Amino acid sequence: MSNQVIGTDVDRAVEILRNGGLVGLPTETVYGLAADASQKQAVTKIFAAKGRPNNHPLIVHVESVDAARRWSSLWPQSAEILGTTYWPGPLSVVVNKAPDVLVEVTGGHQSVAIRVPGHVIALELLSRFSGGLAAPSANRFGKVSPTTAQHVFDDLGTSVDYILDGGPCAVGLESTIVDCSRDIPVVLRPGGITTEDIKKVVAL
Ligand code: AMP
Ligand code: MG
């Protein structure tokens, strides 16, 4: 039965993540393929499941601005302003990474991308897990990003240990990525938060 892999058991998802497994993560943008960002073996499984080149950096999902700060060696004011204004929401900030952030997560970069997803089940999971989840979109490399739990199963099958069903994604579009590691922030990828929204609170 395919549906055994899909469900709404947050405690089961937490246990799988602690044991180094992969969980389909509902967010407001698209479904993510999540692993404990502090376990090298777990993060490595993401690349195998997606068939993704392993020098592609992943976004770390956290539960709050406070939780985001500790992934960074230097938390810039632009990240603080964007985080307090738009999190939880479809915006990722790139900042200088803390020394212990795995190279498997950053793709060898000295920076790391972080966001707080705007989805009640994702936030519940992050709060119970109390750590960071590395999560790219839950599709095989080159395929369309999934916006339902069933899409995740159809594309990745049993290479995902469990898929948390949070319903269809409200935004259905990737997060906007802003590089805050530079003196003047730069939008690296357009997405769910517009450049106009960003310009309302930081100078680009
Ligand atoms: P996805 O998780 O599939 O939405 O893709 C992650 C996106 O975040 C990719 O487009 C990456 O290039 C970008 N990204 C993640 N980390 C960094 C970083 N440290 N510097 C620049 N871009 C990043
Ligand atoms: Mg993707």
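Keep in mind that what you see is a predicted model, and the values were worked out from it rather than measured. For ligands, and for the atoms within them, numbers begin at 1 and follow the listed sequence.
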Would you give me the side-chain donor-acceptor pairs under 3.5 Å for residues 13-23, sequence neighbours excluded?
from  : atom 1 : to     : atom 2 : distance (Å)
Arg18 : NH2    : Arg128 : O      : 3.0
Arg18 : NH2    : Phe129 : O      : 3.4
Asn19 : ND2    : Glu15  : O      : 3.2

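A donor-acceptor pair shorter than 3.5 Å can be found between the side chains of Ser92 and Ser175. Between the side chains of Ser64 and Asp66, no donor-acceptor pair of N or O atoms lies under 3.5 Å. Between the side chains of Ser78 and Arg182, no donor-acceptor pair of N or O atoms lies under 3.5 Å.
Annotation: side chain to side chain donor-acceptor pair (under 3.5 Å) contacts of Trp75 (sequence neighbours excluded): Glu80.
The 4.0 Å heavy-atom shell around ligand 1 contains residues Arg52, Pro57, Ile59, Val94, Ser111, Val112, Ala113, Ala135, Pro136, Ser137, Glu174, Ile177, Leu188, Arg189, ordered by chain and number.
Distances shorter than 2.8 Å separate the Mg ion (ligand 2) from the protein N/O/S atoms Ser137 OG.
In this structure, Arg115 and Thr29 approach most closely via the heavy-atom pair NH2-OG1, 3.2 Å. Across all their heavy atoms, Ala135 and Leu25 have their closest contact at CB-CD2, 4.4 Å.
Within a 6.0 Å sphere centred on CG of Asp183, heavy atoms belonging to other residues, nucleotides or ligands number 12 at most.
Salt-bridge annotation for Lys143 and Asp155: present, with a side-chain N of the basic residue lying under 4.0 Å from a carboxylate O of the acidic one.
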